[in-house]
There are 2 protein chains.
Amino acid sequence: MERPLDDTPFTFEEPCPIRDVLDRIGDQWSFLVLTGLEGGTMRFSELMRAIGDVSKQMLSRTLRRLEEDGLVSRTVYPEVPPRVEYALTELGRSLLEPLRALIRWADDNHRTIVLSRRRVRDAA
Amino acid sequence: MERPLDDTPFTFEEPCPIRDVLDRIGDQWSFLVLTGLEGGTMRFSELMRAIGDVSKQMLSRTLRRLEEDGLVSRTVYPEVPPRVEYALTELGRSLLEPLRALIRWADDNHRTIVLSRRRVRDAA
DNA sequence: CAGCATCCATTGAGATACTG
DNA sequence: CAGTATCTCAATGGATGCTG
């Protein structure tokens with residue numbers, strides 16, 4: 001919910017910074033795009049191959065949103081055939097830091113989570 | 001997508017730990033619940049008030065999943081009226097660490113993101 | 001109080017086809 | 001090559017009412 005229960009006329013753009021950020025990187029692809037660009041500039045099709053199972057539809061949408069948020073830059077080279085390169089901005093790179101901490105945690109604890117899930121399932 | 005494009009018979013439960021974790025905390029409420037429990041044990045209705053705009057439906061679902069994953073513990077006191085207390089497990093508390101780094105980043109950079117978004121919108 | 005069942009609205013995401 | 005447009009389906013999430 002963007003709005004509280006009552007209809008107080010909020011003047012802030014976004015009620016909660018963290019929700020806003022998590023909504024973005026929490027979607028299916030933003031995170032993968034961000035980490036995919038970690039190594040440097042990439043073209044649309046390169047990103048597509050790197051991620052593997054993303055449709056151009058979703059990759060396109062995701063990149064556009066990341067660009068809007070200023071996390072990713074987009075450079076079009078007016079050639080034929082067209083070439084478009086994506087890269088992390090300074091802001092995007094800075095987000096990678098806390099993201100890496102999360103990745104590390106996920107790697108370290110995923111097994112435990114899967115086992116916990118299974119235990120619950122088996123009990124049911 | 002849980003599966004790659006080809007139909008290689010994967011035997012792993014979950015192909016990608018990070019996606020799996022982000023799917024969880026990336027949903028609308030898990031993150032709020034986790035941080036809500038940061039201060040210690042809380043009852044269902046307390047959590048509800050603390051978060052503010054979550055329905056009991058969603059709070060219930062969220063807690064159940066977090067419990068399944070072993071991030072939150074649930075203790076039922078057989079009283080009338082019933083009392084149920086939720087708390088972070090050791091695992092849950094450990095997740096809070098990298099999460100806090102993300103929160104910090106969000107706080108620090110949210111303004112920049114909002115401004116970037118607006119700039120793009122205004123240009124259009 | 002806690003929380004499940006049901007129903008409904010919104011959004012996410014895939015497939016496909018078309019364009020500069 | 002790098003997208004956009006359209007359509008469709010599945011998953012998320014909200015509202016409400018009922019129960020132990």
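Reminder, nothing fancy here: chain letters follow the sequence lines and each chain counts from 1. What you see below is based on every heavy atom in this structure, not just the backbone, and it leaves out hydrogens, waters and symmetry mates. This one's a predicted model, so the numbers in the text were calculated from it and none came from an experiment.
Follow the hydrophobic side-chain contacts under 4.5 Å out from A/Val76 and you reach A/Tyr86 in the same cluster. Hydrophobic clustering (side-chain heavy atoms under 4.5 Å, transitive across Ile, Leu, Val, Met, Phe, Trp, Tyr) groups A/Ile18 together with A/Leu96.
Summarising the geometry, the separation between CD on A/Gln28 and P on C/dG12 is reported as 12 Å, rounded to the nearest angstrom. A/Leu32 places its CG atom 14 Å from the C1' atom of C/dA13, with the value rounded to the nearest Å. In this structure, A/Asp27 places its CG atom 17 Å from C1' of D/dA10, rounding to the nearest Å. Following rounding to the nearest Å, A/Asp23 (CG) and C/dT10 (C1') show an atom-to-atom distance of 14 Å. Between A/Arg83 atom CZ and D/dG3 atom C1' the separation is 16 Å, expressed in whole Å. Summarising the geometry, the separation between CG on B/Leu59 and P on C/dG3 is reported as 8 Å, rounded to the nearest angstrom. The distance between atom CG of A/Asp53 and atom P of C/dG14, rounded to the nearest whole Å, is 8 Å. In this structure, the CD1 atom of B/Ile51 is 15 Å from the C1' atom of D/dG14, given to the nearest Å.
Between A/Glu90 and A/Arg93 there is a salt bridge, with a side-chain nitrogen of the basic residue lying less than 4.0 Å from a carboxylate oxygen of the acidic one. A salt bridge does not link A/Asp107 with A/Arg100: none of the charged nitrogens is closer than 4.0 Å to a carboxylate oxygen. Using a 4.0 Å cut-off between charged nitrogen and carboxylate oxygen, B/Arg19 and A/Asp53 count as a salt-bridge pair. Ion pairing of B/Arg119 with A/Asp69 is absent here, as no side-chain N (NZ or NE/NH1/NH2) approaches a carboxylate O to less than 4.0 Å.
DNA chain D is contacted by A/Arg43, A/Phe44, A/Ser45 of residues 35-49 of chain A, taking any non-hydrogen atom closer than 4.0 Å.
At D/dG3, none of the side-chain N or O atoms of A/Arg61 fall inside 4.0 Å of OP1 or OP2 (strictly under the cut-off). For A/Ser60 and D/dT4, the shortest distance from a side-chain N or O to OP1 or OP2 is below 4.0 Å. Residue B/Tyr86 places at least one side-chain N or O under 4.0 Å from the OP1 or OP2 atom of C/dG3.
The side chain of A/Arg64 lies closest to D/dG3 when the candidates are C/dA13, D/dG3, D/dA2. In this structure, the nucleotide among D/dG3, C/dG20, C/dG3 sitting nearest to the side chain of A/Val84 is D/dG3. Taking every side-chain heavy atom of A/Arg65 into account, C/dG12 is the closest of C/dG12, D/dG20, D/dG14.
Shown here is A/Arg104, whose CZ atom has no more than 12 heavy atoms of other residues, nucleotides or ligands within 6.0 Å.
Put simply, the residue from B/Arg117, B/Arg121, B/Arg118 that forms a side-chain hydrogen bond (donor to acceptor under 3.5 Å, both in side chains) with A/Glu68 is B/Arg121.
Axis orientation changes by 50° from one end of the helix from C/dC1-D/dG20 to C/dG20-D/dC1 to the other, with each end axis drawn from 5 pairs and the value rounded to 10°.
Side-chain N/O atoms of B/Gln57 and base N/O atoms of C/dT6 include a donor-acceptor pair closer than 3.5 Å. Donor-acceptor pairing under 3.5 Å, judged by distance alone, is absent between the side chain of A/Lys56 and the base of C/dG14.
Annotation: of the two residues near DNA chain C, A/Pro81 and A/Met58, the 5′-most nearest-nucleotide partner is A/Met58.
Within the structure, salt bridge (Lys or Arg N to Asp or Glu O under 4.0 Å) contacts touching residues 73-86 of chain B (residues at least two apart or in different chains) are B/Glu79-B/Arg83, B/Arg83-B/Glu85.
Annotation: side chain of B/Asn109 is in contact with side chain of A/Leu91 (closest heavy-atom distance under 4.5 Å).
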